[in-house]
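Inspection log for the structure reproduced underneath, given as structure tokens.
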Amino acid sequence: MADRRIDLPQGTLDLLILRTLALEPQHGWAISERIHQVSSKALFVQQGSLYPALHRLERKGWIKARWGASENNRRAKFYELTALGRKQLEREESAWRKLAAAVAQILETT
Amino acid sequence: MLNDLLFRLRSLFRRKTVDAELEEELRFHFDKQVSKFVQSGLTPAEAKRRARLEFGGMEQLKEEHRDVRGVSFVETLMQDLHYAVRQLLKSPGFTAAAVLTLALGIAVNATMFSLVSAFLLRRPPGREPDRVAVVSSVNPAGGFLPDVLPVSAPNYLAWREANHVFADMAAAEDRTVSLTPQDRSAEESRPEALRSAAVSPNYFSVFGVSPLLGRTLAEGEDQPGHDHVVILSHELWERHFGSDASLIGRTIRLNRENYTVIGVMPASFRLLGFTPQLWTPFVLTAAARKDRSLYLFARLKPRVTLEEARAEMATLARRAGETFPETEKGWSAAVRILPDFLVHAFGIRNGIAVLMTTVGFVLMIACANVAGLLLARAAGRRKELAIRIALGAGRLRIVRQLLTEGLLIALLGGAMGLLLAYWGIGFVGANLTFNEAISAVPLSLDWNVLLFALSVSLICALLCGLAPALKGSQTDVNTSLKDEGRAASAGRSHSRLRTVLVTGEIALALFLLIGTGLLLRGIFLVEHQNLGFQADHLLTASVTLDNARYKDPSQQTLFVRDLISRLQQIPGAEAAAVASDLPATGPGTVTLQIKGQPELPANQRLSALEVLVSIDYFRAAGVPLLGGRTFTETDSATAPRVVVVNQEFVHRHLQDRDPLGKQIRLDVKGATPEWSEIIGVVGNVKSYSEGPNDDPEVYEPLLQRPVSSFSLMIRTTSDPNSLASALRNAIAQMDAELPLARLMSMPDVIERQRGGNPFFVTVLGSFAILALILSAIGIYGLVAYSVGQRTHEIGIRMALGAKSPDVLRMILRDGMKMTAVGAAVGLTLALPLPKIFDAMFYGLQLRDPQLYFVVPAAILVVAMLATYIPARRATRVDPMVALRYQ
């Protein structure tokens with residue numbers, strides 16, 4: 001298997017899922033595909049981490065799930081952001097940006 | 001939070017649906033992935049293979065997902081419970097033994113806790129009882145409960161006005177009144193002496209209680225002329241008036257006067273030892289400072305703390321001491337919150353504390369036994385545990401599994417224990433009736449008891465389950481799987497822990513037996529001590545002459561003279577006498593001055609018990625005269641004052657010099673001090689029948705100091721109770737409205753006075769024996785088990801030539817070693833017990849060195865027996881069988 005993949009730092013997966021769902025409700029496969037595409041195939045989310053993460057987020061009330069029809073008319077579980085999730089996303093995004101900027105600064109100056 | 005809960009609940013109760021949904025979701029994902037691979041040019045088979053590779057284990061994913069759902073705890077618990085039930089059903093003998101042991105332990109605890117719940121935890125009636133304080137006097141001289149004495153009327157008035165901490169302060173005085181029945185014709189309708197309280201009008205409002213019927217006292221009803229109103233207790237209203245609601249507004253006769261019934265209090269208005277049958281207004285009259293008779297109930301002002309109230313009352317009491325040093329010097333005031341005061345004054349706390357400690361120990365022994373049983377079983381299950389660990393069960397998982405078993409046993413034990421406790425509480429309630437206040441408090445299996453039993457069960461589960469659980473989880477897979485089978489002496493570490501448990505049990509049992517033994521011995525000594533007079537064949541009763549008819553001392557003297565002559569005429573009466581107090585019933589104390597000795601300030605004077613007696617008292621009571629003479633008719637009110645003292649008086653106050661002819665002066669309240677001559681010496685009579693004390697005592701002739709309230713006694717030739725009706729008739733002929741209170745034989749008086757002792761003895765004794773039996777079972781169980789484990793070893797020893805006695809000795813030695821260590825620990829713990837009990841139980845003197853030999857010896861014998869039975873079985877081992885034994 002091609003190993004251009006990067007391991008996701010702890011907690012980043014939640015942020016990515018929330019970000020992905022911010023655009024539109026999606027099912028699990030589409031979420032992992034989208035992350036894969038948008039990151040130029042750098043990031044790949046294993047099902048083994050995706051679904052537990054989804055259900056964890058659902059338990060926290062940041063996303064909610066409902067059954068709907070997929071593109072080819074199969075029953076699929078769609079996840080969408082809740083108001084609570086949207087707030088959480090904002091928080092996590094700004095935290096991430098700060099972190100990334102700080103790390104970048106250290107890497108450049110030292 | 002709520003979302004989280006709903007999520008968990010849904011996961012728990014709709015597990016099938018949730019699992020199916022997950023399955024579908026994952027299947028969808030998988031199919032999508034496959035079709036993606038197909039689109040990118042793979043063959044369907046290859047696409048499926050790659051997708052599956054990427055996916056990892058589907059089952060593993062589901063398991064992980066379940067952890068996220070947060071159901072695993074409950075699910076695991078259900079699994080463990082299921083498993084535990086199966087395990088317990090598999091060995092019913094073990095289960096029954098463990099459950100029964102715990103049930104006994106929990107039952108005695110729950111039963112005794114019902115006392116705690118009824119006496120210590122019950123909230124007094126009224127609004128915010130925690131804001132009601134009780135002010136009492138503190139006697140600097142000490143004595144029995146010296147800090148719950150009543151307060152004098154002058155202090156009440158001064159303190160009520162001067163304090164800044166109480167919103168309102170009420171006073172109550174204990175009295176005895178006679179109630180004359182409406183219908184005087186019936187045989188049963190004799191006048192009845194009732195306990196009453198004279199209370200200030202604000203009394204009920206301080207407590208914040210409302211009457212069941214009618215009203216409580218109004219302002220101004222404490223003024224003479226308006227004070228003939230009465231409020232009845234629920235009990236009296238029910239018993240005497242048949243719960244007649246129309247009674248309000250009618251008059252009843254109290255102390256020969258008509259009182260209007262204005263109210264009935266609800267049954268819940270009960271204040272432990274301060275619960276009278278009826279309340280009348282307290283009319284303030286000029287009262288002496290020495291006359292401490294009032295209990296003060298006061299409601300704290302908002303935001304005032306108990307400490308502030310204490311400081312304030314202490315200051316006021318000190319001020320009184322400075323202003324009136326004669327009477328108040330050294331006296332201070334105590335302030336307690338109502339619930340605390342009631343329990344403290346009732347003096348039941350120490351008894352309950354001892355009972356609870358005892359049952360606590362019994363429970364610990366029971367837990368140690370069950371823990372031992374579980375340990376033994378865990379040893380037998382090593383192989384099973386090893387296999388489970390080898391198959392991947394975590395250490396924590398094993399601990400949980402074993403703890404769950406302990407929990408199940410404890411809960412079963414708790415449930416059964418509650419059933420036993422239900423019966424036990426009924427038994428205790430039926431037997432705890434030695435005084436009115438005690439029997440008025442209902443015992444029941446209430447919520448407190450239920451919660452207590454539940455928490456005790458949970459603690460048991462932890463205590464019993466923890467040791468075996470930790471031990472079990474340490475199972476080393478390799479050695480366990482290999483070691484099993486042919487070990488010469490298996491499970492050393494298991495039996496070491498059990499040895500510790502059994503040693504602890506023996507120590508506890510020994511401690512309990514010595515403690516109980518000390519108390520029982522102390523009580524026994526008191527019950528069988530020589531009281532200094534002859535209590536058998538004495539009929540007694542008490543009479544209170546009311547002011548309405550016998551206000552004048554000369555009337556009182558006349559009455560007594562008439563009474564005695566009538567009593568002497570009763571057939572079967574040998575002698576009759578009247579006294580201010582019956583012998584050994586704790587008479588009042590008086591301070592005194594001996595002529596020729598330096599005058600001491602009031603608070604440092606010598607003191608003695610003071611009893612006023614009629615002429616024939618010493619003969620009737622059977623108190624021996626040791627020197628001089630007793631009183632005669634000539635010692636009348638006008639004759640020179642005379643007194644008789646007891647031996648202890650001569651010993652302590654006169655240093656054993658000849659007392660006859662010496663002059664003493666008693667500080668009797670309300671009387672002008674006069675010198676009296678000592679004319680006789682009599683033997684010591686115990687101050688209290690329930691204590692060993694001989695105190696200095698002074699007897700004065702009633703003729704010289706008449707009293708309105710006294711007891712009478714008749715020495716009889718036959719059963720004293722057979723003269724009871726003749727006595728009643730004699731009184732009725734003299735005064736039909738005069739009630740006779742506490743009509744009973746002297747042995748009954750003593751019995752009542754000793755209160756709960758017999759009950760206490762029975763209960764404590766049975767607990768101690770229960771503890772001994774449980775620890776004997778513990779020893780037996782351990783030795784029997786280790787003998788079983790060592791069958792193989794014993795077989796080898798015997799095959800190599802060891803004889804039966806050698807084997808027997810070896811096993812007995814092991815048992816004795818445990819017992820000896822346990823006994824030593826227990827003895828050390830028990831050494832300070834006499835001191836502790838001395839401080840807890842007034843009047844019991846507990847020095848009994850024999851117990852410290854007898855009890856360990858008894859324990860050794862019991863332990864020896866418990867060891868001997870399995871040891872003998874070991875000697876019967878046939879080497880051939882033993883060597884083959886697995």
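Reminder, nothing fancy here: chain letters follow the sequence lines and each chain counts from 1.
- Contacts between residues 22-31 of chain A and chain B, counted as heavy-atom pairs separated by less than 4.5 Å, involve His27(A), Gly28(A), Trp29(A).
- A distance of 6.5 Å separates OG of Ser32(A) from CD of Gln33(B), quoted to the nearest 0.5 Å.
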Side chains of residues 450-457 of chain B: which donor-acceptor pairs under 3.5 Å do they make with residues two or more places apart or in other chains?
| residue | atom | partner | partner atom | Å |
| --- | --- | --- | --- | --- |
| Ser455(B) | OG | Leu451(B) | O | 2.6 |
| Ser455(B) | OG | Phe452(B) | O | 3.2 |
| Ser457(B) | OG | Ala453(B) | O | 2.7 |

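- We find that Lys36(B) and Glu33(A) are joined by a salt bridge, their nearest charged nitrogen and carboxylate oxygen being less than 4.0 Å apart.
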Inset, instruction - Tell me, with the steps shown, if Glu24(B) and Arg74(A) meet side-chain contact (heavy atoms from CB on, under 4.5 Å). - result: CA-CA 11 Å; Glu24(B) 189 179 351; Arg74(A) 257 189 70 176; 5.6 Å; no

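- Shortest non-hydrogen contact noted between Trp67(A) and Glu25(B) is CH2-N, 4.3 Å.
- Expressed to the nearest 0.5 Å, how far CG of Leu22(B) lies from NZ of Lys77(A) amounts to 7.5 Å.
- At most 12 non-hydrogen atoms from other residues, nucleotides or ligands lie less than 6.0 angstrom from CZ of Arg97(A).
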